[in-house]
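Each ligand, and each atom within it, is numbered from 1 in the order the structure gives.
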Amino acid sequence: MNASSLIAGKAAAGGGDFVVVRSPHDGAEAGRVAAASRQDVEAAVAAARAFRDTPNRHERGKILDLTRSALEAQREDFARLITSESGLALRETRYEVGRTLEVLRCAAMEALRDDGQIFSADISAQGKARKIFTTREPLRCAAAITPFNHPLNQVAHKVAPAIAAGTPLVLKPSEKTPLTAFKFAELLYAAGLPGPMLSVLVGPTGEVAEPLVCHPAVDLVAFTGSVAVGKKIASVAGYKKLVLELGGNDPLIVLHDADLDLAVTLAAEGSYRNSGQRCTAVKRILVEEAIAADFTSRLVERTREYRCGDPLDENTRVGTVIDEASALQLEAVLREAVAGGAKILIGGGRRGAFVEPTVIVDVPRDCRMVVCESFGPLAPILKVRDLDDALEVANSTAYGLSSGVVTTNLQSAIKAIKALRCGTVNVNEIPGFRTENSPFGGIKDSGLGVKEGVIEAIKAYSYVKTFSLPW
Ligand code: NAP
């Protein structure tokens, strides 16, 4: 670890409290990190703001490249660590490490790219013989707060663009899955990242996250997590930049002319991957009446392939959700839907933090499973009359993150792209489809419309300076 970096705070030097992380699968200790305090937040922010020796573009690109090589060499270790602290199946965590390699590759490329613009000032009758230029400058100190569901990739999507921009960052990963973030930070320091450019702190919310959000010397808070916490941050953060990537309740619309095999694949992958714990997971499957019976029976068959069990078993496709409390909540949401007239066709069982992949039909449009975000492997099917009805249901919730439309009709696809009130519309793909550098983010309760993805995030982690010269 770089001598001037702050990892978790003073307790690391001896004594103090620890955050103990347990596997949601069997309760075994996955690891522990020292708990930080308010003083550690002050020290990390002060170190970031005092830092002047920003590595140049070449050096920043090299740090990101070297980190990618180091992660590549340890990809299996990282996948197993994520699995041990999150309960996600190994197949998912290997995939997550692969995505993170891409984040690092994109950020290394962007670190080298010149980002300035030039405007000639002699374009009007009132113009002058001058040129106006823009250049991007790093922030003095940014804060990032990340959720549990992608313990590595969510962290990389904050850290890598900040490094590419040259902005020092104080990171507060989820207390449920901090181990991966700490191990990732070690790779960055070993690759040459100066300590003050990244501090990683976990601890009680009132000691770490809240002081960080409200800190007047923090220029930006980049938060990924729930709507409730995101809105709380927006209400207390004060005068600073905010990037809020919040919850989702994404629809997959399946029209009568859809390729049904494709639709079933997208519904299953969208609903069950990552134990259904993706902000862009399919949370509502809106199927046209004419094909609903056929689609449903095929989805039930496909669901049998999603074996739920020990996350380290190579044959497991769905591990646990993050903890038993979340599993119990999903069970309650299911029960409510059934009480409202819905029927479970497959799944529905819960054991500890395991929730079986579940297909449920006749789900009332106003039940909690449809209106709110349920973060687990549930596949509620709602019949819709036609595209207009589907669009109305799709737009009926407070969320607006992403969406998918399965159709072979271009006119229907274009109509959906125009009508859906959300950040992304993917035609014949899951709502979660993206590349690591494409703009990503939601509107309405899912976010303020400020996008992430490596390129957009670099913009957030920097200020544009405009200057002009006689020319
Ligand atoms: P969460 O409960 O909102 O927690 C997210 C982070 O916020 C954690 O690090 C948490 O710390 C911290 N936090 C809690 N209270 C805080 C406060 N008062 N001030 C500042 N920070 C605070 O979310 P989660 O349960 O970890 O993650 C699941 C949610 O994230 C879902 O809603 C999902 O849709 C959303 N998500 C959104 C995106 C997106 O890009 N739009 C991507 C992934 C996930 P502790 O862990 O210490 O409580």
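- Per-atom contact check: atom 27 (O) of ligand 1 touches the protein, criterion being a heavy-atom distance below 4.0 Å.
- For Ser446, the heavy-atom gap to ligand 1 stays at 4.0 angstrom or more.
- Considering only non-hydrogen atoms, atom 22 (C) of ligand 1 lies nearest to Val229 out of Val229, Thr177, Val208.
- Looking at atom 7 (O) of ligand 1, its nearest protein heavy atom turns out to be Phe223 CE1, 3.2 Å.
- Contacts of Pro173 with ligand 1, taken as heavy-atom pairs under 4.0 Å, involve the backbone alone.
- Considering backbone and side-chain atoms alike, Leu246 places an N or O below 3.5 Å from some N or O of ligand 1.
- The side chain to side chain donor-acceptor pair (under 3.5 Å) contacts involving residues 235-252 comprise Asn249-Arg284, where partners must be two or more places apart or lie in separate chains.
- Shortest contact from atom 47 (O) of ligand 1 to any protein heavy atom: Lys172 NZ, 2.9 Å.
- Inspection of the Ser23 and Ser84 side chains reveals no N or O donor paired with an N or O acceptor under 3.5 Å.
- Between atom 46 (O) of ligand 1 and the options Gln154, Glu175, His157, the minimum heavy-atom separation is to Glu175.
- Checked by atom type, the side-chain pair Thr265/Arg302 shows a donor-acceptor distance below 3.5 Å.
- Aromatic ring centroids of His157 and Phe440 lie 6.0 Å or more apart.
- A salt bridge is absent between Arg317 and Glu92; no separation between the charged side-chain nitrogens and carboxylate oxygens falls under 4.0 Å.
- Arg94 and Glu314 are joined by a salt bridge, as a carboxylate oxygen and a charged side-chain nitrogen come within less than 4.0 angstrom of each other.
- A salt bridge does not link Glu85 with Lys176: every distance from a Lys NZ or Arg NE/NH1/NH2 to an Asp or Glu carboxylate oxygen is 4.0 Å or more.
- Comparing heavy-atom distances from atom 25 (O) of ligand 1 across Phe440, Tyr399, Phe148, Phe375 singles out Phe148 as nearest.
- Between Glu373 and ligand 1, an N or O atom pair is found at a separation short of 3.5 Å.
- Other residues, nucleotides and ligands contribute more than 12 heavy atoms inside 6.0 Å of the CD atom of Glu29.
- The shortest N/O to N/O separation between Ser226 and ligand 1 falls below 3.5 Å.
- Summarising the contacts of atom 42 (C) of ligand 1 with Cys279, Pro204, Gly442, the nearest heavy atom is found in Cys279.
- Residue contact check: Ile145 has heavy atoms under 4.0 Å from atoms 6 (C), 7 (O), 9 (O), 12 (C), 20 (C), 21 (N) of ligand 1.
- Contacts with ligand 1 closer than 4.0 Å are made by no heavy atom of Thr280, backbone or side chain.
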